[in-house]
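Read through the structure below, which is laid out as structure tokens, and then see the notes.
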Amino acid sequence: MLQMHSRKGSTDVHEFEGMFIGLPAYFKVTSVIGHVFSVDFPAKYQDWSATDPIDLFQAPIQKTEANPKAHICRHLSQEAHGCSHLVLWLDCDREGENICFEVIQCTGFQANDARRKVHRARFSSVTGKDILKAMNCLVEPNKCEAFAVDARQEIDLKVGVAFTRFQTGYFQGKYGDLDSRVISYGPCQTPTLGFCVQRYLQITTFKPEKFWALRPHIMVDGYELQLEWERHRLFDLDVALMFQKLVLQDRILEVTDMSEKQESKGRPPGLNTVNLLKIASSALGFGPQMAMQLAERLYIQGFISYPRTESTAYPSSFDFKGTLGALANNPMWGDYVQGLLSDGYHKPQSGKDAGDHPPITPMRSANEDMLERDAWRLYQYVCQHFLGTVSPDCKYIRTKVEFSIGGEFFHCIGLHVTVKGFTSIMPWLAVSEKNLPQFAKGDKIEVSKVELFEGQTAPPDYLSESELISLMEKNGIGTDASISAHINNICERNYVQVQAGRKLVPTALGITLIRGYQCIDPDLCLPDIRGFIEQQINLVAKGEADHSCVVQHVLEQFKQKYSYFVKQIDNMDALFEAQFSPLADSGRALSKCGKCLRYMKYISSQPSRLYCGTCEEVYYLPQKGTIKLYKELTCPLDNFELLIFAMAGPEGKSFPLCPFCYNSPPFEGIDTLFGVSKTGSSGKLGKGTGMPCFLCPHPTCRHSLIAQGVCACPECNGTLVLDPVSAPKWRLYCNMCNCLVLLPQGAHRIATTRERCPECDSTIIEVDFNKNTTPLEDGATLHSGCILCDDLLHSLVEVKHGKSFFKRAGRWARARGRGGHRGRGRGIGKMDPKMSFRDF
DNA sequence: GCAAGGTC
């Protein structure tokens with residue numbers, strides 16, 4: 001029904017009977033989980049090193065299921081089977097409209113099919129009244145709005161990924177202490193960072209100035225009162241001194257005017273997500289990510305309404321009485337609520353109606369013991385805010401008394417609250433009472449002291465998270481649902497750090513990036529960049545421009561910006577050079593390079609990698625773990641010294657790897673054919689599953705694994721590894737003596753066992769044949785045999801017929817029969833280019 | 001490994 005998730009975390013189906021367009025009907029109701037599809041590049045463009053980022057601007061894109069494990073598409077297709085009408089109840093915003101068409105696609109409904117009709121329900125809150133109203137005014141889904149989202153997705157993807165890949169490659173390949181795995185760029189995250197850096201630059205370039213202010217003091221009714229100067233402050237000491245002198249010479253103040261004004265402070269409008277996040281950050285100390293998590297949980301538990309909304313206006317159908325009634329017995333606010341119910345609550349201030357969801361309100365009463373501490377604090381705020389919105393405004397009287405002395409004018413202000421209104425439930429917003437003594441026009445009072453206050457202008461503080469959220473909202477950066485994600489993003493990429501008081505302090509990396517954009521193309525980090533994209537796709541949404549024309553037009557502009565950026569990167573690099581250390585000066589010597597045989601340096605800062613200063617090559621390593629030299633062994637494929645990687649955590653698994661193979665896997669496209677794992681049942685080398693024994697040929701796994709002595713060469717006891725030369729003809733190869741061992745072709749899985757061959761004491765391996773790939777007789781599935789003793793294939797085939805090696809009563813026995821045992825090392829030969837191998 | 005947008 002909605003793009004919201006049901007409580008159980010599954011897309012349940014509810015079924016019932018009722019009336020639809022005047023006829024009895026059988027209804028089925030189900031849901032999706034946000035977008036069904038997400039957009040990405042085809043596999044061909046996924047390899048960073050093989051794709052020039054500029055090609056991404058013209059690359060095709062494809063939609064794949066956003067959450068393949070949830071099988072939403074299949075679910076929708078199955079449930080839609082046999083249905084004659086499809087009613088779409090997704091959020092009434094642009095993204096919701098786009099999801100409508102994703103659902104249409106999955107269900108197989110056609111837009112213009114008279115027999116299977118598609119309807120769109122427009123509603124902004126889930127109340128019986130609104131739902132019935134929407135059901136009676138069904139419309140068609142808006143293709144233009146959905147196309148606008150398609151356009152945004154394509155532009156965001158291409159621009160973001162192209163810049164990110166280029167920057168990452170360029171700077172990570174040069175500096176050793178950037179401390180971020182990815183140097184990302186995005187039309188939302190980069191302007192967000194831009195705001196933080198802009199404030200930082202204001203602070204660092206700030207020049208403090210001295211100023212002076214006259215502050216006369218008077219004694220009235222035994223109290224000392226300090227008066228404010230009409231000139232506020234002056235930046236010239238001599239002039240300030242002159243005024244001080246004039247005032248001191250006069251010594252007598254005269255009350256020139258008194259005024260009283262009734263003023264009021266309005267109750268707040270309804271609470272939307274952005275305001276909730278701001279309060280959570282500034283008053284409760286929760287970051288946006290955490291605030292959203294807490295709010296989501298409160299929503300799932302039924303304590304508050306849907307927490308992702310832009311609207312601050314309540315729908316006209318909102319049931320205030322019911323909501324107040326739900327809180328009437330609350331131990332914290334029960335009395336206040338009952339007061340509102342009996343004295344009459346106020347209609348809330350009119351706010352912004354974005355047409356999405358009602359403001360965030362309490363749905364159910366809770367007390368402190370029912371919730372965790374942080375959840376309670378957030379819930380408490382939601383309740384207080386809601387009660388504030390239906391409370392009277394705060395009213396107060398503001399008194400201003402004006403004085404003159406020596407030709408200069410001064411004043412003081414008094415405040416007296418007459419109606420506390422909503423501030424009694426939101427006390428932190430209260431107007432503070434300030435009493436003044438009685439004055440009368442024409443009163444003459446002697447000054448007790450005329451202070452010349454010396455102050456200094458101060459820079460603003462770092463941008464607070466709450467200020468940043470305001471700036472993002474004002475500039476249309478992100479949505480209610482994504483603002484927290486963008487802030488989190490720039491923290492995770494190590495561009496900013498959250499410091500005390502939730503202030504965002506940019507790091508050297510964040511500052512250098514923004515300064516770099518500023519000197520090449522300031523547009524890249526200005527908030528207008530998002531505005532530009534929004535403005536362009538608005539044309540699509542309104543049906544004023546063609547979707548693909550707009551996409552092409554915008555991408556063409558960004559492509560030009562990209563080319564210019566690449567051309568000018570030296571200017572940005574000059575800033576990096578001044579701030580960061582080149583790879584050659586980073587890290588400590590760890591292992592030897594297989595090309596130049598000199599030590600490479602291990603750079604531990606993110607992303608951890610090895611750098612060979614002689615070859616000027618970078619070899620990335622697996623992240624988030626520790627890396628050590630592995631027994632001083634070298635990889636037989638490329639002579640690089642092997643390393644052992646241990647994943648983080650006390651029980652972190654470890655595996656050996658070759659830094660060269662890890663970066664350029666020696667095999668390609670054979671993952672479905674051949675994977676090695678001691679315990680894994682899938683036959684593929686799962687990350688962290690089982691104990692791998694041979695080089696992993698999986699091109700995406702990239703774990704170059706080497707035999708751990710379990711397959712020893714019978715000639716010299718060296719380690720056997722998969723031979724790369726002969727791929728796809730699988731052979732084992734000994735790096736010590738160049739022995740070759742033939743392996744059966746078409747194996748689906750090869751794994752070592754704990755068994756030893758009774759003939760030669762070598763490790764027995766198990767070979768798993770997939771029926772579809774095996775060249776052997778039909779029905780051959782799993783066989784075991786010694787790879788060293790005899791012709792392996794014979795063993796394998798004949799195991800099936802019980803003729804060769806076979807397992808009997810748990811031990812291996814030598815087979816009798818055709819061929820028999822042909823001596824140790826048959827099937828092993830010296831590495832010889834002319835050597836012909838048996839064709840399995 | 002990359003964007004931003006849904007949502008858990």
| task | Please determine, by modelled atom types, if Thr312(A) and Asn272(A) share a side-chain donor-acceptor pair under 3.5 angstrom. | result | no

| field | Below 4.0 Å: OP1/OP2 of dG6(B) and any side-chain N or O of Thr479(A) | value | yes

| query | Going by ring centres under 5.5 Å and near-parallel planes (under 30°), is Tyr185(A) stacked on dA3(B)? | reply | no

| said: On DNA chain B, does the nearest nucleotide to Gln172(A) precede the nearest nucleotide to Gly478(A) from the 5' side, or the other way round? Give the residue. | reply: Gln172(A)

| request: Please determine if a side-chain N or O atom of Tyr299(A) lies less than 4.0 Å away from the OP1 or OP2 oxygen of dC8(B). | output: no

| task | Rounded off to whole Å, could you give me the CE-to-P distance for the Met292(A) and dG6(B) pair? | result | 11 Å

| field | Among dA3(B), dC8(B), dA4(B), the nucleotide that comes nearest once only the side chain of Arg530(A) is considered | value | dA4(B)

| Are any of Gln189(A)'s side-chain N or O atoms less than 4.0 Å away from OP1 or OP2 of dA4(B)? | yes

| task | May I ask you to verify if any side-chain N or O of Arg152(A) is less than 4.0 angstrom from the OP1 or OP2 atom of dA3(B)? | result | no

| From dC8(B), dG1(B), dA4(B), nucleotide with atom closest to Asn489(A) side chain | dA4(B)

| request: Using side-chain contact (heavy atoms from CB on, under 4.5 Å) as the criterion, list what pairs up with Pro68(A), not counting sequence neighbours. | output: none

| task | Please state how far atom CG in Asp356(A) lies from atom P in dT7(B), giving the value in whole angstrom units. | result | 10 Å

| query | Under 4.0 Å between a side-chain N/O of Ser482(A) and OP1 or OP2 of dA4(B), yes or no? | reply | no

| task | Provide, to the nearest angstrom, the distance between the CG atom belonging to Asp12(A) and the C1' atom belonging to dC8(B). | result | 14 Å

| Salt bridge flag under 4.0 Å for residues Lys143(A) and Asp150(A) | no

| message | Looking only at the side chain of Ala481(A) (C-beta and beyond, no hydrogens), which of the listed nucleotides dC8(B), dT7(B), dA3(B) gets closest? | response | dT7(B)

| Which whole-number value in Å describes the distance from Glu534(A) CD to dA4(B) C1'? | 11 Å

| request: Ignoring hydrogens and angles, answer whether the base of dC2(B) and the side-chain atoms of Gln46(A) contain a donor-acceptor pair closer than 3.5 Å. | output: yes

| query | Which part of the nucleic acid, if any, lies within contact of Val39(A), taking any heavy atom under 4.0 Å across all strands shown: a base, the sugar-phosphate backbone alone, or nothing? | reply | base

| note | Asp40(A) CG to dA4(B) P, in whole Å, measures 14 Å

| task | Could you tell me whether Gln497(A) atom CD has more than 12 heavy atoms of other residues or ligands within 6.0 Å of it? | result | no

| task | Please tell me which of the listed nucleotides, dA4(B), dT7(B), dC2(B), lies nearest to the side chain of Ser184(A)? | result | dC2(B)

| Which whole-number value in Å describes the distance from Trp48(A) CH2 to dC2(B) P? | 7 Å

| remark: Separation of dT7(B) atom P from Leu90(A) atom CG, nearest Å, is 10 Å

| Taking the side chain of Cys188(A) as heavy atoms from C-beta outward, which of dA3(B), dA4(B), dC2(B) is closest to it? | dA4(B)

| field | Nearest-Å distance for atom pair CG/C1', residues Asp91(A) and dG6(B) | value | 9 Å

| field | Donor-acceptor side-chain pairing of Arg181(A) and Asn494(A) below 3.5 angstrom | value | no

| query | So what does Pro187(A) touch, heavy atoms closer than 4.0 Å: a base, only the sugar-phosphate, or nothing? | reply | sugar-phosphate

| message | Less than 4.0 angstrom between a side-chain N/O of His35(A) and OP1 or OP2 of dA4(B), yes or no? | response | no

| query | Using a cut-off of less than 4.0 Å, is there contact between a side-chain N or O of Arg493(A) and OP1 or OP2 of dA3(B)? | reply | yes

| request: Output all residues satisfying salt bridge (Lys or Arg N to Asp or Glu O under 4.0 Å) with Glu79(A), sequence neighbours left out; order by chain, then residue number. | output: Lys28(A)

| remark: Of Glu296(A) and Tyr620(A), the one whose nearest nucleotide on DNA chain B sits closer to the 5' end is Tyr620(A)

| message | Please tell me if Arg308(A) has a side-chain N or O lying less than 4.0 Å from either OP1 or OP2 of dC8(B). | response | yes

| said: Could you check whether Tyr562(A) and Asp521(A), counting side-chain N and O atoms only, form a donor-acceptor pair closer than 3.5 Å? | reply: no

